[in-house]
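Here the structure is a predicted model, which means the values were calculated and not measured. Excluded from the calculations below are hydrogen atoms, water molecules and symmetry mates; all remaining heavy atoms, backbone and side chain alike, are included.
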Amino acid sequence: MQKLFSDFVYTLRQQGLPVSPAETLDALRVAELLGFSDRAILREGLGLALAKTTDHKLVYDHYFDQFFRFAETTETLASDSSESDEDQLKDFEESELQQLSSDTDALADEGSTSEQDAIDDLSSLSQMLLSDDSAAMAIAIATAGSEQNVQQMQIFTQKPLFTYRIMNSMGNEQLNQELLELDESSELGDRQLALSLRRGQARLLDQVKDYVEQQYLLFAEAKGTQLRESTLQSVKLTNVDFHYVKHMSQLVQKAARKLASLHSRRRKIRKRGMLDVRKTIAANAAYDGVMFHTRWRSTKVDRPKIVAICDVSGSVSRVARFLLLFLYSLQDVLPRTRSFVFSSDMAEVSALFKEQEVEAAIGDIMAKWANQSTSYAKALEDFETQTLADIDSKTTVIMLGDARNNNADGRADIWQKVYQRAGRVLWLNPESSNSWDTGDSIMADYRPFCSSLHSCNSLRDLERILGNLLKHS
Amino acid sequence: MIAKHADKVASPAVLKQEFDKLGYVCSDSIATAVYLACQLQKPILVEGPPGVGKTELAKMTAEYLGAPLIRMQCYEGLDEAKALYEWKYGKQLLYTQVLKDQLGDVMRGARGLDESIERLQSFGDIFYSDDFLEPRPLLQALRQEDGAILLIDEIDKSDQEIEAFLLELLSDYQVSIPEIGTIKAKSKPIVFLTSNNTRELGDALKRRCLHLYIPFPESSLENDIIAKKVPEVSDNLRKQLVDFVHELRQMALKKVPAISETIDWARALLLLNVETLDPQWVKDTLNLLLKYQDDVEIVEPEVRKILAAIDK
């Protein structure tokens, strides 16, 4: 029982539900209270204790059904097939009897008693197959499964191996031996027995296959997802295959949501620090100057004001999508973000981001502005006329770009103006620092006018930089 | 508290039936949640869109168990002084003024500062005793002899500090007051927390609670609810209006109508003696269902179409 439960919780954790041990204990108590007679109620009850957001509830519902389906299906399957089997067996018996009509009744009696003896001599697996006890069978499969550590399964090619191992662990070899012996025997009863055992064996194999398949879905599939996620997080953006873009955007949004919940509220530091004498006296004037209420100097930590500029020109076309994705998430997290894109002309896309879904917005931008030749000079001139006046000491300016300017003048003087006005200037370059200033990259021109420079070419970098940005602003 | 009401919360089925009698039609999951909350003595965190009866659930439980309902409405800036307790500053001040002379008497004849302080200390902390304590909702709930239903409404609107501060209360049913010590619940209250999901709640808080999500109800359940709340409405009209509201919920609106709006609408139609829904009546009363002009403008041209669809 507890084993079953911990397996279930393990499954849920694999799917990303943060189920704590305390919650597992709660779930156990819930199960004790509600009993196992009413599946629907139990499902609701466990859901209350284990899944704590609507997303998690969906996952939970799905896996509850999957996890506890096994017992149910085998039961129905077994009852269906056993009926038909019995019918077939009867038909078979009748026909055999007709063929052997010349034999006396006494002989038939003898046959049935010897059959009984033969069953008693058989191994436990064979007896189980003959008795058609589906519950016992399911338990036996599950036991064999845990003996063989079926949860360690990693990839789908291991499925036949585990099926084989479980069959053997349940005594399949002995069963085969017995079948051989029965085949050799010339008695009618033995041959019948062998026939029904063969059927049972085939049915068992199907059940074990089902079981292994289900275990694979429960345990191994999620491992694959986890592996993919952690790889995608650290792989260079330039190397991510187009195929994974969708997964990637989910990951970026996941990261953005995490950051949003951490940082989206204003903080006020109060009740500590310096006593604000003026306010305290004012507040206590009513009490004859007796200091009942103290007032403290408070510091407000406000959400940062951000201006983000993204290069979408040909040279960064491979990463532009991700940078935009990042920009989109940034605007989601920090509502006071203004976003700009440029190849040569600069355009503000804040409104576009607000109005459209991420895919549509990025598609629009890529179609309108991307893949033209770069001109930082033109872009910065545009930026100067459009936005420079709005930048103040509370603003953080983020530039996402590779500073590859086709060997033209980069107008670093404008960037200097930006640097002088803004609180902080960050430059995130998708190239690694080794390739800065090689070829037509003019990173060195801008370098003096940046508070910090980072090479940013994986999701993990993005997350780390964004996290720091929020923490220190 | 539970020992007293053991028979009232014997099983989810009993709860469902009794709530039904009181006029609160609930689904299996709601009944199970209340049952488990009572039996395990764990708080329930109720989430769901506005107007599906989250607050109503707490009220109904209080009515059913005959326990007082203590409600704490959360908002940005709510702090300990308003949630838990406060010293009665005014009273303290007044008493010190009145007792000034008495103090003089007590102190008379004391030689030196040391002796004065010693005498003062022998009185104990009079001014920080129970008499000067103003209990706020949380403390009130802990002090109820027979237990209470504590409703912490819209917890997502409060600051994160309050959330952290609630953790001790929710897991151990006790709070610490620096001047007095730890106060334990005389009888554990049943706690309902509601949230509209304006922000994500902390994991620590969620871990301590059972999590109940109340979605918009199925048509049949909503039918039952309307039948319970506005019994005078004819079967035909009720079915029509429930179907109509369900169609609205499929549309992309700023705020889709919830159960409470459906009930209001049913009452209004009853008042207007409407027998069956026709486009004119719907258009005239649409502002009961939709709370934004934009939404009304989206729906109005579609009314005829929706009515045709639900008649099929």
Does atom [atom1] of [X] have more than 12 heavy-atom neighbours from other groups under 6.0 Å away?
{"X": "B/Tyr292", "atom1": "OH", "value": "no"}
{"X": "B/Phe132", "atom1": "CZ", "value": "yes"}
{"X": "B/Gln293", "atom1": "CD", "value": "yes"}
{"X": "A/Arg43", "atom1": "CZ", "value": "yes"}
{"X": "B/Glu218", "atom1": "CD", "value": "no"}

_Rounded distance [0.5 Å steps], NZ in B/Lys206 versus OG in A/Ser20_ = 13.0 Å
*B/Tyr213 side, atom OH; A/Leu58 side, atom CG - distance, nearest 0.5 Å*: 9.5 Å
*Given B/Leu36, which of A/Val30, A/Leu46, A/Asp26 fulfils the side-chain contact (heavy atoms from CB on, under 4.5 Å) condition?*
A/Val30
*Contact origin within A/Ala51 toward chain B - heavy atom pairs under 4.5 Å*: backbone
*Side chain, backbone, both or neither: which part of A/Leu34 has a non-hydrogen atom closer than 4.5 Å to chain B?*
side chain
_Within the 4.5 Å heavy-atom criterion, are B/His211 and A/Lys57 side-chain neighbours or not?_
yes
_Is the shortest side-chain heavy-atom distance between B/Thr32 and A/Glu44 below 4.5 Å?_
yes
*Kindly say whether B/Cys209 contributes a backbone atom to a donor-acceptor pair with the side chain of A/Lys52 at under 3.5 angstrom?*
yes
